[in-house]
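Count residues from 1 along the sequence. Bear in mind the structure is a predicted one, so any value in this text is a computation, not a measurement. Atoms considered below: every heavy atom in the structure, side chains included; atoms not considered: hydrogens, waters and symmetry mates.
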Amino acid sequence: MKRMRFLADLADSTQPTPQGNSDNPSHSSTDTWLNQTGSYTDALYRILLHQKWTDLSHHMIAGMTASLFRLVVNRRLTTESIWAYNWMAENFVAADFIGVTASQSAGFSFEPTFPLYQKQALHDIKASIDRGTGAVLWHDQFVVVVGYDDDKEVLFFCTGVGHEVIRLPYSVLGLNNSPYWYYQVLEAHQSIDMWEVCKESLIQAVYKWETHDYMLPAQDYACGSAAYTAIRDVLQSGNYESDQAATVLRYYAYTRGDIATYVKALKHLSPDMDQVIVQYTQLADIYTSIVEVLDDSVAWDAREPESVQRVSELIRSAGDTEQAAIDAIKYVFTETINNRSADIGLR
């Protein structure tokens, strides 16, 4: 029997909310989140709100999952830098951090077994919709699946930008511009010790800063502290597309601004958190200055030497400042980090 199911309230909730600057970790109409990055956390957050599994703001969820602290760049500053990481590992752990049980699957669409995986993905996503829970799907960005129609053989998804609900034929599910496919369904939620998770997220920030993602070839990508050197190198070489480089830098300006807001809410974790807050606030300010240079699109697109040099200088300053922020975190949590020196990334 063919069926249709559409989660209208979830579709409505994927629209952008007003941007604000509140330090309150509770969700409000002035949430700092503006869903236009297509990140996993953006999609996850909408589903969490719909399920009433959180009343926290987006920057709190993104911080608690440690997603905010990721810093990865392709050595040509291509837009896919934003999504270049181990989805299966990090997205699963992100959900687990905040008490969400999730199932997921991923692979390559060119594999001969893909049609079988495509069929299973469709089954899992529809089952999630039947339970009243949206699903996270990779469709050249992370999107939220909000319904399906068996008669028309389409899924319905929202990107969170604008008011359009987009149809995706069953037959092209998982066939993206890139060869990767991925989906995740959220199954259950349990309470967590929020402040212990926040503490762990800062420890993970150190790990992400000091460790290269083993899934990414080092000749093509730079992670954490190495990303800043890579950015300056590519700006000097000129081997980049101005619009894509601007997108990447704006994205990291967005995340660094949210980190500054996030750590302010964690002040009570330690008397020594003040220096962490100071450094991340300065980092956010530096990225604001970078965006101001990018906003002069004529100069940036023309690669005027003054514009490129100014961004390069600010990137150097940002790298030094983020290093100082990480050093401050290591000072605050010296004992915990030293106890896990063999694998600070141990979760």
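Residues H212 and P217 come closest through the heavy atom pair NE2-C, 4.2 Å. Taking each heavy atom of A324 and Q279 in turn, the nearest pair found is CB-OE1, 3.4 Å. Residues Y240 and V234 approach most closely at CD2-O, 3.4 Å, considering heavy atoms. The two residues R5 and R131 have their closest heavy-atom pair at NH1-N, 4.5 Å. Among all heavy-atom pairs drawn from S109 and G174, the shortest one is CB-O, 3.8 Å. Closest of all the heavy-atom pairs between A121 and Y183 is CB-CE2, 3.3 Å.
Of the possible donor and acceptor atoms, none in the side chain of Q244 sits under 3.5 Å from a partner among the backbone N and O of L77. Checked by atom type and distance alone, the side chain of S128 never pairs as donor or acceptor with a backbone atom of D124 at under 3.5 Å. Between the side chain of R256 and the backbone N or O of L68 there is at least one donor-acceptor pair closer than 3.5 Å. Side-chain atoms of S312 do not come within 3.5 Å of backbone N or O of V308 as any donor-acceptor pair. A donor-acceptor pair under 3.5 Å is formed between the side chain of Q104 and the backbone N or O of M88. In this structure, the side chain of D140 engages the main chain of N177 through a donor-acceptor pair within 3.5 Å. D213 places no side-chain N or O within 3.5 Å of a backbone atom of C223 that could act as its donor or acceptor partner.
Side-chain contact between Y280 and I329 is present, with heavy atoms from C-beta onward closer than 4.5 Å. Within the 4.5 Å cutoff, the side chain of M64 has heavy atoms near those of the I192 side chain. In this structure, V248 and Y252 have side chains that are in contact, with non-hydrogen atoms separated by less than 4.5 Å. V72 places a side-chain heavy atom less than 4.5 Å from the side chain of L216. With contacts defined as side-chain heavy-atom distances shorter than 4.5 Å, the pair V291/R250 qualifies. Using a 4.5 Å heavy-atom cutoff, the side chains of Q204 and V93 are not in contact. In this structure, the side chains of V206 and F333 stay at 4.5 Å or more apart for every pair of heavy atoms.
Annotation: the span from I98 atom CD1 to Y45 atom OH amounts to 10.5 Å, rounded to 0.5 Å. To the nearest 0.5 angstrom, R46 atom CZ is 8.0 Å from H58 atom NE2. Between the CD1 atom in I290 and the CD1 atom in I315 there is a gap of 3.5 Å [rounded to 0.5 Å]. Between the CD1 atom of I277 and the OG1 atom of T261 there is a distance of 11.0 Å, given to the nearest 0.5 Å. Rounded to the nearest 0.5 Å, atoms OH (Y148) and CG (L122) are 9.5 Å apart. Note that the OG1 atom of T133 and the NE2 atom of H189 stand 12.5 Å from one another [nearest 0.5 Å].
Among residues two or more places apart in sequence or in another chain, the ring pair (Phe, Tyr, Trp, His ring centres under 6.0 Å) test is passed with H268 by W195. Residues that satisfy the side-chain hydrogen bond (donor to acceptor under 3.5 Å, both in side chains) test with N176, not counting sequence neighbours, are H139. When the ring pair (Phe, Tyr, Trp, His ring centres under 6.0 Å) test is applied to F6, the partners found at least two apart in sequence or on another chain are F156. Applying the side-chain contact (heavy atoms from CB on, under 4.5 Å) rule to T113 yields the partners E111, Y117; only residues at least two apart in sequence or on another chain are considered. In this structure D327 satisfies the side-chain hydrogen bond (donor to acceptor under 3.5 Å, both in side chains) test together with Q323, sequence neighbours excluded. When the side-chain hydrogen bond (donor to acceptor under 3.5 Å, both in side chains) test is applied to T65, the partners found at least two apart in sequence or on another chain are S67. Taking W138 as the reference, W83, W87, F142 meet the ring pair (Phe, Tyr, Trp, His ring centres under 6.0 Å) condition, with sequence neighbours excluded. Shown here are the ring pair (Phe, Tyr, Trp, His ring centres under 6.0 Å) partners of Y228, two or more places apart in sequence or in another chain: W209.
Tracing side-chain contacts under 4.5 Å through hydrophobic residues (I, L, V, M, F, W, Y), one reaches L202 starting from V197; they form part of the same cluster. By the criterion of side-chain heavy atoms lying less than 4.5 angstrom apart, applied directly or through intervening Ile, Leu, Val, Met, Phe, Trp or Tyr residues, L168 is grouped together with V144 in one hydrophobic cluster.
Counting non-hydrogen atoms of neighbouring residues, nucleotides and ligands closer than 6.0 angstrom, the CZ atom of R316 reaches no more than 12 such neighbours. Around atom NZ of K330, no more than 12 heavy atoms belonging to other residues, nucleotides or ligands sit under 6.0 Å away. In the displayed structure, Y170 atom OH is contacted under 6.0 Å by more than 12 heavy atoms of other residues, nucleotides or ligands. Within a 6.0 Å sphere centred on OH of Y251, other residues, nucleotides and ligands contribute more than 12 heavy atoms. Counted within 6.0 Å of CD on Q236, heavy atoms from surrounding residues, nucleotides or ligands total 12 or fewer; the atom is thus considered open.
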Working for side-chain hydrogen bond (donor to acceptor under 3.5 Å, both in side chains), residues E322 and Y287: CA-CA 11 Å; E322 191 153 358; Y287 270 98; 4.9 Å; no
Working for side chain to side chain contact (heavy atoms under 4.5 Å, CB included), residues Q51 and L186: CA-CA 10 Å; Q51 296 301 110; L186 311 184; over 6 Å; no
Test side chain to side chain contact (heavy atoms under 4.5 Å, CB included) applied to L48 and I61, step by step: CA-CA 10 Å; L48 294 177; I61 294 297; 4.0 Å; yes
Stepwise side chain to side chain contact (heavy atoms under 4.5 Å, CB included) test for L49 and T54: CA-CA 6 Å; L49 286 182; T54 190; 4.0 Å; yes
Stepwise side-chain hydrogen bond (donor to acceptor under 3.5 Å, both in side chains) check, E153 with S171: CA-CA 8 Å; E153 295 191 342; S171 60; over 6 Å; no
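Within the structure, every pair that satisfies the salt bridge (Lys or Arg N to Asp or Glu O under 4.0 Å) test and touches residues 65-79, not counting sequence neighbours, is listed here: R70-E90. Applying the salt bridge (Lys or Arg N to Asp or Glu O under 4.0 Å) rule to pairs touching residues 297-312 yields nothing, sequence neighbours excluded. Listed by first and then second residue, the salt bridge (Lys or Arg N to Asp or Glu O under 4.0 Å) pairs that reach into residues 219-244 come to none, sequence neighbours excluded.
Taking Ile, Leu, Val, Met, Phe, Trp and Tyr as members and joining any whose side-chain heavy atoms lie under 4.5 Å apart, directly or through other members, the hydrophobic cluster of M215 also contains Y214.
A donor and an acceptor atom, one from each side chain of S201 and Y262, are located under 3.5 Å apart. Side-chain contact of D272 with Y331: a donor-acceptor pair under 3.5 Å is absent, judged by distance alone.
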